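Read the structure below first, then the notes.
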Amino acid sequence: MKKVNLSIEKKSYATREAVRTLRTNLQFCGDDKRVILVTSCVPGEGKTSVSVSLAESIADMGKSVILVDADIRKSVMASRLGITGVEKGLSHFLSGQCVLADVIVATNIPKFHILLSGPQAPNPTELLESKRFSGMLESMKNVYDYIIIDCPPLGVVIDAAIIGRLSDGAIMVVEAGKTKYRLAQNVKDQLENSGASVLGVVLNKVEQKNQKRYYNKYYGSYKYEGYYKTDDDAKNA
Ligand SMILES: Nc1ncnc2c1ncn2[C@@H]1O[C@H](COP(=O)(O)OP(=O)(O)OP(=O)(O)O)[C@@H](O)[C@H]1O
Ligand SMILES: [Mg+2]
C-alpha cells in the first residue's frame with residue numbers, strides 16, 4: 001500500500017476542543033454509526049475541513065478510519081492535504097479500472113487511510129449508484145472502525161442523498177450567517193428521505209464574538225454541535 005504524508009494545518013485549542021466534542025457525540029450516537037457522510041447545502045461551508053478533522057481525531061483515539069473523498073465532480077482534497085504522487089482514486093475504482101487495494105493509501109498518521117476521488121468522471125451519479133460503491137463500503141466496514149465520506153453539497157447535486165442510502169448517518173455542515181434556514185431544512189429533509197439519519201449539524205465559521213450566543217442557543221437544545229474556528233484562528237494557526 002502506498003503511503004503519503006498529510007500536511008494538515010495546526011488547529012487552535014478551541015477548534016481541537018470542538019472537533020473532540022463532535023467525535024464524542026458521534027461515539028454517543030452508537031457503535032452502529034460507522035459509515036458517516038459529511039455534506040452541506042452549498043459549496044465552501046467546510047465539509048472537507050470537518051471531514052479531515054473528524055477522521056484525524058478518530059485516528060487520534062486509536063480507532064481505524066478511512067476518509068473517502070466522494071466529491072468526484074470537483075475535489076480539492078489531494079491539494080488541500082499536500083498529497084502528491086497518487087494518480088488513482090475512487091472514480092478509477094468505480095469505473096472498474098482497478099481494484100480497491102490499488103487506490104487506498106496509508107498516511108503518516110497511524111490508522112488513518114485515505115481514498116482520494118481520482119479524476120473527474122462524466123457520470124458521477126451512475127458510479128455512486130453502482131454495486132461497486134455499495135460493495136466497497138461493505139468491505140471497508142470489515143476493515144475500519146469508521147468510514148468518513150466527504151460529499152459534494154446536497155443543495156447543489158444529488159450525490160450525498162445517493163450515498164445517504166448506504167450510510168449509517170449524516171453530518172451537515174452549515175456556515176454560520178450564510179446558509180438560509182429554508183435551504184438547510186430542505187437539505188435535511190432530502191437526507192432523511194434518502195434514508196440517512198442526520199446525526200447532527202456542525203455550525204462552522206462562527207465569528208468569535210458570536211460564539212457565546214451560538215453556544216447557548218444551539219448547545220442548549222442539544223441538536224447542534226459547534227465546530228468553532230474563526231478567521232483569527234486561521235490567521236494564528
Ligand atoms: N472554521 C473555519 N474557519 C475559517 N475558515 C474555514 C473554516 N472551515 C473551512 N474554512 C475554509 O473555507 C474554505 C472552504 O472549506 P472546505 O473546502 O472545507 O469547504 P467545502 O464545503 O468542502 O467546499 P466544497 O463545497 O468546495 O467542497 C477553505 O478555504 C477552508 O480553509
Ligand atoms: Mg470539499
Side-chain angles (χ1 to χ4, degrees), residues 6-23 36-57 66-83 89-91 114-121 124 128 147-164 167 170-180 183-184 187-188 190-191 198 200-215 218-219 224-237:
L6 303 183
S7 83
I8 299 179
E9 65 169 29
K10 207 168 148 278
K11 295 175 194 67
S12 67
Y13 176 77
T15 302
R16 289 200 306 275
E17 273 304 295
V19 174
R20 260 197 294 271
T21 305
L22 178 64
R23 180 189 73 189
I36 309 297
L37 77 83
V38 179
T39 191
S40 69
C41 299
V42 293
E45 294 190 82
K47 299 174 290 296
T48 300
S49 310
V50 169
S51 305
V52 171
S53 299
L54 178 61
E56 189 191 5
S57 178
I66 183 160
L67 176 61
V68 177
D69 180 3
D71 192 348
I72 48 183
R73 295 172 192 265
K74 178 190 80 72
S75 175
V76 295
M77 179 90 78
S79 60
R80 176 75 63 79
L81 296 176
I83 299 174
L90 182 61
S91 56
I114 197 159
L115 170 50
L116 293 172
S117 67
Q120 218 175 333
L128 294 170
I147 299 144
I148 307 295
I149 312 174
D150 183 19
C151 298
L154 185 53
V156 181
V157 287
I158 194 70
D159 306 10
I162 297 169
I163 298 169
S167 305
I171 293 173
M172 254 178 84
V173 179
V174 172
E175 184 173 335
K178 182 179 170 192
T179 312
K180 296 268 180 295
L183 180 58
V187 164
K188 180 175 165 286
Q190 240 179 308
L191 278 170
V198 179
V201 176
V202 171
L203 190 64
N204 195 25
K205 303 193 194 181
V206 178
E207 277 188 48
Q208 204 137 38
K209 62 179 162 47
N210 289 334
Q211 274 199 28
K212 197 153 179 279
R213 185 161 61 89
Y214 278 117
Y215 199 78
Y218 292 117
Y219 194 77
Y224 295 81
E225 298 310 328
Y227 174 85
Y228 304 125
K229 187 178 177 195
T230 64
D231 290 344
D232 282 342
D233 289 331
K235 272 186 223 134
N236 296 333

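We count ligands from 1, going down the list as the structure has it; atoms in each ligand are counted the same way. The model shown is predicted, which means the values in this text are computed figures rather than measured ones.
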Self-check item: Nearest candidate to atom 15 (O) of ligand 1, where distance is taken over non-hydrogen atoms, out of S49, S40, A176, S53
Solution: S49
Quiz item: For P153, is at least one N or O under 3.5 Å away from an N or O on ligand 1?
Solution: no
Practice problem: Tell me, please, which residues at least two apart from D71 pass side chain to side chain donor-acceptor pair (under 3.5 Å). | Solution: none
Quiz item: Any donor-acceptor pair under 3.5 Å linking the side chain of D150 with the backbone of S51?
Solution: no
Quiz item: Just heavy atoms, cut-off under 4.0 Å: does T48 contact ligand 1 by side chain, backbone, both, or neither?
Solution: both
Quiz item: Near P43, which atoms of ligand 1 are under 4.0 Å from a heavy atom of that residue?
Solution: 25 (O)
Quiz prompt | Element-labelled atoms of ligand 1 that are located less than 4.0 Å from some non-hydrogen atom of K74 | solution = 26 (O)
Quiz item: Can an N or O of D150 be found at a distance shorter than 3.5 Å from an N or O of ligand 1?
Solution: no
Quiz item: Close to the Mg ion (ligand 2), meaning under 2.8 Å, how many protein N, O or S atoms are there?
Solution: 1
Quiz item: ligand 1 and G44, any nitrogen or oxygen pair closer than 3.5 angstrom?
Solution: yes
Quiz prompt | Nearest non-hydrogen partners of L154 and I158, listed with the distance | solution = CD1-O, 3.9 Å
Quiz prompt | Polar side-chain atom of S167 near backbone of I163 as donor-acceptor pair, under 3.5 Å | solution = yes
Quiz item: Between K11 and E56, is there a salt bridge with N-O shorter than 4.0 Å?
Solution: yes
Self-check item: Residue pair A55 / L67: nearest heavy atoms and the distance that separates them
Solution: CB-CB, 4.3 Å
Self-check item: Contact atoms of ligand 1, heavy-atom distance to N204 under 4.0 Å
Solution: 1 (N), 2 (C), 7 (C), 8 (N), 9 (C)
Exercise. Give a yes or no on whether K180 atom NZ has more than 12 heavy-atom contacts from other residues, nucleotides or ligands under 6.0 Å away.
Key: no
Practice problem: Out of K47, E175, R80, indicate the one that has the non-hydrogen atom closest to atom 17 (O) of ligand 1. | Solution: R80
Exercise. Write down the atom of S91, the atom of A121, and the distance for their closest heavy-atom approach.
Key: CB-CB, 4.2 Å
Quiz item: Got a donor-acceptor contact below 3.5 angstrom from the S75 side chain to the I72 backbone?
Solution: no
Self-check item: Donor + acceptor pair across side chains of S40, E175 (<3.5 Å)
Solution: no
